[in-house]
There are 2 protein chains.
Amino acid sequence: MVTSKKRETPVTKEELYERALAIADAEGLEALTMRRLAREVGVEAASLYHHLPNKDALLDGVVIRMRQEIVLPEPLPEDWRELMLEIFAAYRRTLAAHPNLMPLAGRRVETDPDSGLVFLTQLGFSDDDAVELWQSMIAFIVGFSVFSSAYSESGVSDLPSALAARMVDWRDETCLRTLRIIIDGYDAGRAAPATS
Amino acid sequence: MVTSKKRETPVTKEELYERALAIADAEGLEALTMRRLAREVGVEAASLYHHLPNKDALLDGVVIRMRQEIVLPEPLPEDWRELMLEIFAAYRRTLAAHPNLMPLAGRRVETDPDSGLVFLTQLGFSDDDAVELWQSMIAFIVGFSVFSSAYSESGVSDLPSALAARMVDWRDETCLRTLRIIIDGYDAGRAAPATS
DNA sequence: ACCTGAACACCGTTCAAGT
DNA sequence: ACCTGAACACCGTTCAAGT
């Protein structure tokens, strides 16, 4: 478990983020303490504060580190709707690979919408429409991932048992289906103002 | 701040949930400690364990307590699509009223889908379709609420400034617009199997 | 049944001191 | 520049003891 007793090379931020992610993945967020992380990298807890201002910065780093794992399939689809679908499906795959990190989902951390958002505007979306579509997809993907990793044993009480059983499983198909609906909906509503 | 020095009546769970919610609303989740809650209800921290098994149960109670605040407008719309929209808009209103609780969003806690889910099946939705629509709306609403309460100062980095500025504000209109798209999408796809 | 006092095993964080 | 030791001010939780 503990890796080394004496380090010959200084600790780096990247190392800390990586080890912290590994701990959280393996044993959950509660296991990720400064003391534990320090032990794991072969250093005293106090030493970590030479590299990080506080634990919050560590958690931010972990979330950013996780997002870097998002990998798009090759080759990219030519149809823009399929492309959007792939981007957010990839996002979901990464979130699903780190269920223990879901409580951190809503963290304020730099989200870079790649060039995807700009791309949408080049397709003829207004700035507003492009942003609203992008926000909606992020919100849905994150929300869906949160529930699909947390719902496992929750009690859905008074429903007919068939519905109750179905309600606790959150399928990839559902996620993709709704993503597609959102994309197509914004495609159809392009340029049309969102009058209530 | 502290309310009483000696209680004449025993502490109740409901009282604890209510006070805990008030603390979290007013000062954030970090301010909500067992010791603080105890002080606020006029008791020692250890006494709380006569009413709750642990802090997790307290947080569950707080989330349930919050959900009880969801209030649907009167009269209810007759059109079922408008009804669904109202249900989830009401959900969102309640979430938005408790931004400090958003980190608790993905908690495994009894979610009772009222009779709404059953209602959908009576409209001709298959069990699968009804559940998928319901899950999608919950996921979207919670995700959107998380981001709209947390995004405030996050750094959206390399975008054209107009897009960047727009990207940090999460509007109710956007939320409603996408909710409507999801509902209409499932309405149109009713009974049609979700083939990829 | 309900509450208290005191303790236990932790936390994150600071700071003077070492190299 | 990087690390350590020891401390500080907290946590959640347990348990014997009181009423």
Worksheet item: Quick one: do B:Arg65 and B:Glu14 make a salt bridge, cutoff under 4.0 Å?
Response: no

Item to complete: Give the rounded distance in Å between these two atoms: CZ of A:Arg7 and P of D:dA1.
Response: 18 Å

Discussion item. Tell me the interatomic distance from A:Leu48, atom CG, to C:dC15, atom P, rounded to whole angstroms.
Written reply: 17 Å

Discussion item. Do B:Ser47 and B:Val11 make a side-chain contact, defined as non-hydrogen atoms from C-beta onward lying under 4.5 Å apart?
Written reply: no

Item to complete: Working to the nearest 0.5 Å, report the span between CG of B:Leu117 and CD of B:Gln122.
Response: 11.0 Å

Worksheet item: Closer to the 5' end of DNA chain C via nearest nucleotide, is it B:Val43 or A:Asn54?
Response: B:Val43

Item to complete: Would you kindly give the NZ-to-C1' distance between B:Lys55 and D:dT14, to the nearest whole Å?
Response: 17 Å

Worksheet item: Which one, D:dG12, C:dT14, D:dC3, comes nearest to the side chain of A:Tyr49?
Response: C:dT14

Item to complete: Check the pair B:Arg93 / B:Glu69 against salt bridge (Lys or Arg N to Asp or Glu O under 4.0 Å), numbers first and verdict last.
Response: CA-CA 10 Å; B:Arg93 255 176 269 124; B:Glu69 287 179 9; over 6 Å; no

Discussion item. Counting distance alone, no hydrogens or angles: does the base of D:dC2 have a donor or acceptor under 3.5 Å from a partner atom on the side chain of A:His50?
Written reply: no

Worksheet entry | Length of the CD-P vector between B:Glu8 and C:dC2, whole Å | 14 Å

Worksheet item: Considering only D:dT13, D:dT4, C:dG5, which nucleotide approaches the side chain of B:Glu44 most closely?
Response: C:dG5

Practice prompt. Tell me the partner of D:dG18, counting only Watson-Crick (N1-N3 plus N6-O4 or O6-N4) or G-U wobble (N1-O2 and O6-N3) with both under 3.5 Å; none if nothing fits.
Written response: C:dC2

Worksheet item: Which nucleotide sits closest to the side chain of A:Ser47: D:dC3, D:dG12, D:dA6?
Response: D:dC3

Discussion item. Can you tell me the base-pairing partner of D:dC8? Count Watson-Crick or G-U wobble geometry only, both distances below 3.5 Å, and say none if there is no partner.
Written reply: C:dG12

Practice prompt. With the side chain of A:Met34 defined as its heavy atoms from C-beta on, choose the nearest nucleotide among C:dC3, D:dT4, C:dG12.
Written response: C:dG12

Worksheet entry | d(CZ, A:Arg35; C1', D:dG5) in whole Å | 12 Å

Practice prompt. Please state how far atom CG in A:Asp56 lies from atom P in C:dG12, giving the value in whole angstrom units.
Written response: 12 Å

Worksheet item: Can you check whether B:Tyr186 and B:Trp134 have ring centres sitting under 6.0 Å from each other?
Response: no

Worksheet item: Quick one: A:Ile23 CD1 to C:dC11 P, roughly how many Å, whole number?
Response: 11 Å

Discussion item. Looking at B:His51, I'd like to know whether one of its side-chain N or O atoms comes within less than 4.0 Å of OP1 or OP2 on C:dC3.
Written reply: yes

Discussion item. Could you tell me how far apart B:Leu37 (CG) and D:dT13 (C1') are, to the nearest whole angstrom?
Written reply: 15 Å

